[in-house]
Amino acid sequence: MTLAASPPPAQRLRFPEDERRLPWLGTLLEALHVTDQGVAEAVRRETAQGRRLACRKGCAHCCRTHVDIPVYPLELMGIAWYVAEKLQGPDRETLRTQLRRAEHLDACPFLVEDRCAIHPLRPQACRLFNVFDRPCGPGEDAWYTRRRDVLTPLDSYRRRATELMLPFYGVRGRHAVREALRTGAIHRLARSLRSCRWEALVARMEREDARVRS
Ligand code: SF4
Ligand code: SF4
């Protein structure tokens, strides 16, 4: 689900002031960057074999079809920060409305006019899901209909991205990190994006708007 995709940025996103204020943010941006690098390298290898990436801007059936998108606590913090503090313009109002009634939507609440409104901070799962050769049809989840067209992420990049995030979850030291990677314990922290409730984020958006107005 690059969804609404543009090629992964070559450069790591940087928000120097915010990263100084919010030490976890740099960790998240670094991990997302490693994820994007891994996707870019995996896509490069596939295209060298003659395959063509089907994901394009405005192609967003996956943001409707996929209902089990895992999202981790650090990613949720990043999404909340981005929406409350960075997102401006009409998307802000649209998202506020969608987040209020997320459970009634038939798509991810961050999908706006077939674009991902949180594209820079979208979760790793969305970054990693890419499809080759033919765009997904309405209602199609290519993971089940044609697994061989779905990008297989490169383990080395996934491991590195996870390693970067583990200290945030209190996992430190070579042995503990190795064990966490071996057991996949971090995956127990994942929630389903589509089943999250966003009242706290809407309230934070309103506090932020009031702060800016004052
Ligand atoms: S091709 Fe499939 S996975 Fe890729 S952006 Fe389109 S709907 Fe999403
Ligand atoms: S966060 Fe939602 S809108 Fe954005 S890419 Fe993921 S599923 Fe699509």
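Order of listing sets the numbers, starting from 1, for every ligand and every atom in it.
Between Glu206 and Arg100 there is a salt bridge, with a side-chain nitrogen of the basic residue lying less than 4.0 Å from a carboxylate oxygen of the acidic one. A salt bridge links Arg12 with Glu19; the closest basic N to acidic carboxylate O contact falls under 4.0 Å.
Near Val131, the atoms of ligand 1 lying under 4.0 angstrom from a non-hydrogen atom of the residue are 3 (S). Taking every heavy atom of Cys136 and a limit of under 4.0 angstrom, the matching atoms of ligand 1 come to 1 (S), 2 (Fe), 3 (S), 7 (S). Of all atoms in ligand 1, numbered sequentially from 1 with element shown, those under 4.0 Å from a heavy atom of Pro135 are 1 (S). Within ligand 2, counting atoms from 1 as listed, the ones closer than 4.0 Å to a heavy atom of Ile69 are 7 (S). Listed by number with element, the atoms of ligand 2 under 4.0 Å from a non-hydrogen atom of Phe110 are 3 (S).
Atom 8 (Fe) of ligand 2 has no N, O or S atom of Cys62 closer than 2.8 Å. Residue side and main chain included, His61 places no N/O/S atom under 2.8 Å of atom 2 (Fe) of ligand 1. At a cut-off of 2.8 Å, Cys108 is not counted among the residues with an N, O or S atom near atom 4 (Fe) of ligand 2.
Rounding to the nearest 0.5 Å gives a distance of 6.0 Å between CG of Leu201 and CE of Met205. Atom CZ in Phe110 sits 6.5 Å away from atom CG in Leu95 (nearest 0.5 Å). For the atom pair Asp36 CG and Leu13 CG, the distance stands at 8.0 Å (nearest 0.5 Å).
Within a 6.0 Å sphere centred on CH2 of Trp143, heavy atoms belonging to other residues, nucleotides or ligands number 12 at most.
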